[in-house]
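Both counts, for ligands and for their atoms, begin at 1 and track the order of listing.
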Amino acid sequence: MASLSQYLLLLCSFTCLIHSSRSRTLVLPLAKDASTLQYVATVYHGPSLDPVELAVDLGGPSLWLDCSASSSASVRRVPCRSIACLAATSDVSGLRRACAGGACSDCDVQSESGAAGEAACGVLAEGAVAVDAVDGSGERSVAAVDRFLISCARAAPGFGAGGVRGTLGLGRSRISLPSQMATAFGIRRRFFACLSASEGVIVAGDGPFFSHLNADISKSLTYTPLATAKSTRSSDYLINLTSIKINGKRLSLNSSSPRSVKLSTAIPYAAMVSPIYSVFAEAFAGAASAMGMARVPPVGPFRVCFDPRSVSATGVGPDAPAIDLVLQSEMVRWRIGGSSSMVRMSDEATCLGVVDGGNGLESSVVLGGHQLEDVLLEFDFGGSRLGFGPPSAGQLGCSDLRPGFNSMAFPSL
Ligand SMILES: *[C@@H]1O[C@H](CO)[C@@H](O)[C@H](O)[C@H]1NC(C)=O
Ligand SMILES: *[C@@H]1O[C@H](CO)[C@@H](O)[C@H](O)[C@H]1NC(C)=O
């Protein structure tokens with residue numbers, strides 16, 4: 001059976017050869033929707049490559065589009081007896097043949113749902129999808145894939161919220177956007193993401209990516225292997241967690257069951273399963289009190305809040321207890337500092353920005369938007385590893401990184 005990559009390569013041989021000789025960087029600028037707290041990406045779609053806004057789903061398996069507004073010229077349904085249908089719904093892809101019952105003419109698909117996620121139903125189609133690109137000399141273009149595989153949704157969660165027309169899956173699947181772009185343009189199967197409180201940028205391609213900064217910051221990342229778990233979608237980005245420390249002190253978590261951390265753009269703040277949250281929140285409050293932080297009544301959705309006047313400020317945010325997620329060894333830690341842990345709710349309360357996720361959470365810890373912001377992330381799904389680190393050696397955040405890409409990709413802005 002032909003694999004999807006062979007299939008995509010076949011499609012690609014007509015469109016991609018023209019471009020493949022030049023180095024290019026694909027650039028996807030993101031905006032953060034202030035009401036939904038979702039990151040919104042703009043891609044181009046259809047015969048005239050019209051802009052379409054999509055909510056980013058970091059671990060999502062595919063591009064889900066509300067095709068009801070698409071003309072028949074912009075998407076063509078993929079027949080159920082086709083290599084594309086077979087390949088897109090094979091085990092590794094994160095899509096399932098589903099929502100069956102109708103005649104077998106279309107390729108009915110369903111997204112894999114995690115313990116808490118809802119499955120979305122649709123039909124597989126193909127159409128042109130493009131993103132902005134810039135070549136080594138700074139010349140702009142769009143990188144278009146003419147026969148991009150799209151899941152046309154019947155009904156999918158989150159559609160219409162904030163005016164988006166669907167969701168953009170960036171997950172570890174054969175038909176996520178980074179995966180189809182990598183196949184089409186012969187680039188490495190990885191992308192960098194840098195999110196901030198108001199915007200963000202995703203880049204992929206040959207690099208160098210950060211040459212507009214003085215140093216190649218991508219060289220200073222820490223790496224941890226990507227893991228998989230039955231409880232989440234196979235396209236999700238997960239890493240194994242061995243322990244959690246607060247100000248260097250290990251939490252006593254009494255379960256020996258495997259623990260994992262999921263990275264998600266679907267939730268604005270981190271969540272932990274109840275048994276871990278209760279130990280974590282108590283330890284954090286204790287460490288904060290030892291630092292002179294004064295508790296105030298909780299402000300929903302958070303439970304642990306402090307008087308902002310009792311929290312000192314540093315150049316990189318509030319001076320709060322340091323949280324370390326200890327990964328594959330004691331040496332490999334994801335540090336969550338005050339700017340990522342604390343959320344300023346009002347002049348009266350600044351809160352620990354982590355919520356009790358109950359018992360149904362699909363991972364022990366889910367890092368949400370606030371914790372992923374101002375971290376440079378490398379999603380190396382080809383190499384099954386995640387890189388993370390500060391966006392620069394100085395005190396720059398991701399919003400300081402973005403203008404360099406703006407000027408590369410959008411000189412007119
Ligand atoms: C993650 O942990 C699980 C369970 O302990 C283990 O089976 C798996 O190999 C680990 N994955 C990685 C990438 O270390
Ligand atoms: C340990 O597990 C028991 C039973 O599951 C639970 O009642 C207890 O609260 C747990 N203790 C901690 C510190 O997590």
ask   = Does any non-hydrogen side-chain atom of Thr222 lie less than 4.5 Å from one of Trp334?
value = no
query = Is it true that atom CZ of Arg77 has more than 12 heavy atoms of other residues, nucleotides or ligands lying nearer than 6.0 Å?
reply = no
query = Would a 4.0 Å cut-off, counted as strictly less than, catch a protein heavy atom around atom 14 (O) of ligand 1?
reply = yes
task = Quick one: look up the protein heavy atom nearest atom 5 (O) of ligand 1 and list residue, atom name and how far away it is.
result = Pro258 CB, 3.9 Å
message = Applying a heavy-atom cut-off of 4.0 Å, say which part of Leu226 lies close to ligand 1: side chain, backbone, both or neither.
response = backbone
Cys pair Cys305, Cys351: SG separation below 2.5 Å = yes
query = Do the side-chain sulfurs (SG) of Cys107 and Cys80 come closer than 2.5 Å?
reply = no
message = Please list, in number order, the atoms of ligand 1 under 4.0 Å from a heavy atom of Pro225.
response = 13 (C)
query = What residue and heavy atom of the protein are closest to atom 12 (C) of ligand 1, and at what distance?
reply = Asn240 ND2, 3.3 Å
request  = May I ask you to decide if the ring planes of Phe191 and Phe381 are parallel, tilted or perpendicular, using 30° and 60° as cut-offs?
outcome  = tilted
